Amino acid sequence: MKRYVVGLGEALWDVLPTERKLGGAPANFAYHVAQTGFDAIAISAVGNDTLGDETLQCFKSKQLDYIMPRVEFPTGTVQVTVDAAGIPLYEIKRNVAWDHIPLTTEIIEVAKNCKAVCFGSLAQREDESRNTIEKFLDSVPNDCLRIFDINIRQQFYTKQLIENSLKKSDILKINDEELELIAPMLGYDQDSSRNSRLEEHQIAVTQGVIHDYNLQMVVLTCGTNGSYIITSNEVLYRSTPKVHVVDTVGAGDSFTGAFVASLLKGDCLEEAHRKAVDTSAFVCTKSGAMPSY
């Protein structure tokens, strides 16, 4: 029977200064996994509107499978502005379609045949989608790889939401800014950074998270300062390649997608890390989150 790799959560349009691009972290993840040959599915919801039509047509044109129920809320949009360094700033619209992903029989059937699933905190900001995500995670097989790409945006997170998600995860994907934000929330000592290098502090916090929430590993990205794959007994580091940056929209999602796909193919951590870094660097040289390979 076919086993699926799923991106579960928000599907939305990033409204950039000069154009509009389809995105959303879980949808981006599914797209990049699909590029490596896996049966990937993006699961979300869209509205009964023109943008909803465009969303489904765009997924079709990119040959990405999807489950996107039409609901009585507008298709999600995010106003994106990009600063001089190419870093995106987001204004995320509320009470949109992906806040109301219904729990359908089709979605549960995919969960029962899921090989890996990536989900985040943003799509759990409203009760309906949070319930669907939780029920999906409760329905996956024991060998399913569960990736929590925390993806903190604006005020759309709580300590309880993050802790509950960590308890349902095997891998945490997080960036350095998010790590410093959630560390004190989860009770990790901030004073240690006064007596040690920032790198040592970050690794200590991530290993604490691994121990306390029984994770396999943490994937920590630090922008131009490189990235780490951290387990309970191993720390891998790779520098960030120097490329001409067009924008960084979706770069982290492509990193996660390439990393997970490589693990599923049986690659070692070091090789999976290399592929993730190279893919993310490539995406930074393109506009939008889903460039053609």
Side-chain angles (χ1 to χ4, degrees), residues 4-16 19-36 38-47 49 51-71 73-80 88 90 92-93 96-102 104 106-107 110-111 114-126 129-130 132-133 136 146-151 153 156 173 247-261 279-280 283 286-293:
Y4 301 102
V5 180
V6 174
L8 174 60
E10 64 272 16
L12 49 83
W13 288 87
D14 291 319
V15 183
L16 300 159
E19 58 187 334
R20 191 172 63 212
K21 293 282 190 178
L22 182 61
N28 294 339
F29 167 84
Y31 171 79
H32 288 286
V33 171
Q35 299 308 293
T36 69
F38 283 98
D39 293 308
I41 299 178
I43 297 180
S44 188
V46 294
D49 50 24
L51 274 185
D53 295 337
E54 291 185 28
T55 301
L56 303 186
Q57 185 56 46
C58 189
F59 282 133
K60 289 176 183 176
S61 69
K62 293 181 179 295
Q63 299 182 317
L64 176 61
D65 288 340
Y66 59 84
I67 299 175
M68 300 272 165
R70 309 296 290 257
V71 297
F73 295 89
T75 300
T77 57
V78 177
Q79 194 70 39
V80 183
Y90 305 91
I92 304 170
K93 303 302 181 183
V96 291
W98 57 261
D99 285 319
H100 301 277
I101 305 171
T104 66
E106 185 181 16
I107 288 175
V110 170
C114 190
K115 189 180 186 71
V117 54
C118 183
F119 67 102
S121 58
L122 181 57
Q124 298 185 70
R125 65 181 180 175
E126 298 292 345
S129 287
R130 183 170 61 253
T132 296
I133 290 170
F136 186 100
R146 301 162 299 169
I147 305 96
F148 179 36
D149 184 355
I150 193 166
N151 199 27
R153 294 287 184 266
F156 304 126
K173 159 68 166 52
D247 69 53
T248 61
V249 177
D253 307 326
S254 70
F255 187 109
T256 311
F259 181 74
V260 170
T279 302
S280 180
V283 171
K286 304 296 180 182
S287 177
M290 299 184 189
S292 298
Y293 278 26

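The shown structure was predicted, so the numbers you read here are calculated from the model rather than taken from an experiment.
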Do the side chain of Asp49 and the main chain of Thr75 share a donor and acceptor less than 3.5 angstrom apart?
yes
Under 4.5 Å between any side-chain heavy atoms of Ile101 and Ile107, yes or no?
yes
Closest non-hydrogen atom pair between Ala30 and Ala40, with its separation:
O-CB, 3.3 Å
Any side-chain heavy atom of Thr77 within less than 4.5 Å of one from Val96?
no
With rounding to the nearest 0.5 angstrom, report the CG to CD1 distance, Leu12 to Ile92.
7.5 Å
How are the rings of Tyr31 and Tyr293 set to each other: parallel, tilted or perpendicular (split at 30° and 60°)?
perpendicular
Heavy atoms, side chains only, cut-off 4.5 Å: are Leu51 and Trp13 in contact?
yes
Measuring from atom CD of Glu126 to atom CH2 of Trp98, what distance do you get when rounded to the nearest 0.5 angstrom?
8.5 Å
For the residue pair Ser280 and Ala251, what are the closest heavy atoms and their distance?
OG-O, 3.2 Å
Got Thr256 and Cys118 here, is their nearest side-chain heavy-atom distance under 4.5 Å?
yes
Partners passing side chain to side chain contact (heavy atoms under 4.5 Å, CB included) against Pro102 (at least two apart in sequence or in another chain)
Ala45, Pro69, Val71, Thr104, Glu128
If only atom types and distance count, is the side chain of Thr279 paired as donor or acceptor with the main-chain N or O of Ala258 below 3.5 Å?
no
Rounded to the nearest 0.5 Å, what separation is found between the CG atom of Leu8 and the CZ atom of Phe29?
11.0 Å
side-chain hydrogen bond (donor to acceptor under 3.5 Å, both in side chains) with Asp99: which of Lys93, Gln124, Arg125?
Arg125
Please report the shortest heavy-atom distance between Phe38 and Ala261, naming the atom on each side.
CE1-O, 3.4 Å
Does Ser129 reach the main-chain N or O of His100 with its side chain, forming a donor-acceptor pair under 3.5 Å?
yes
Below 4.5 Å, heavy atoms only, C-beta onward: do Lys173 and Phe259 meet side chain to side chain?
no
Looking at every heavy atom in both Gly9 and Ala123, which two are closest together, and how far apart are they?
CA-CB, 3.5 Å
Measuring only between side-chain heavy atoms, which start at C-beta, is Tyr4 closer than 4.5 Å to Asp39?
yes
At what distance, to the nearest 0.5 angstrom, does CZ of Arg153 lie from CG of Leu122?
7.5 Å
Closest approach of Gly120 to Phe148 (non-hydrogen atoms, all atoms of both residues):
C-CE1, 3.6 Å
Evaluate the side-chain proximity of Val283 to His32: yes if any heavy-atom separation is below 4.5 Å, no if none is.
yes
Determine whether a donor-acceptor pair (N or O, by modelled atom type, separation under 3.5 Å) exists between the side chain of Ser44 and the backbone of Met68.
no
Hey, are the side chains of Thr55 and Tyr66 touching, using non-hydrogen atoms and a 4.5 Å cut-off?
no
Interatomic distance, Ser61 atom OG to Leu22 atom CG [nearest 0.5 angstrom]:
8.5 Å
Closest non-hydrogen contact found for Asp14 with Gly23 is OD2-CA, 4.1 Å
Salt bridge (Lys or Arg N to Asp or Glu O under 4.0 Å) partners of residues 51-61, not counting sequence neighbours, each pair once:
Arg20-Glu54, Asp53-Arg70
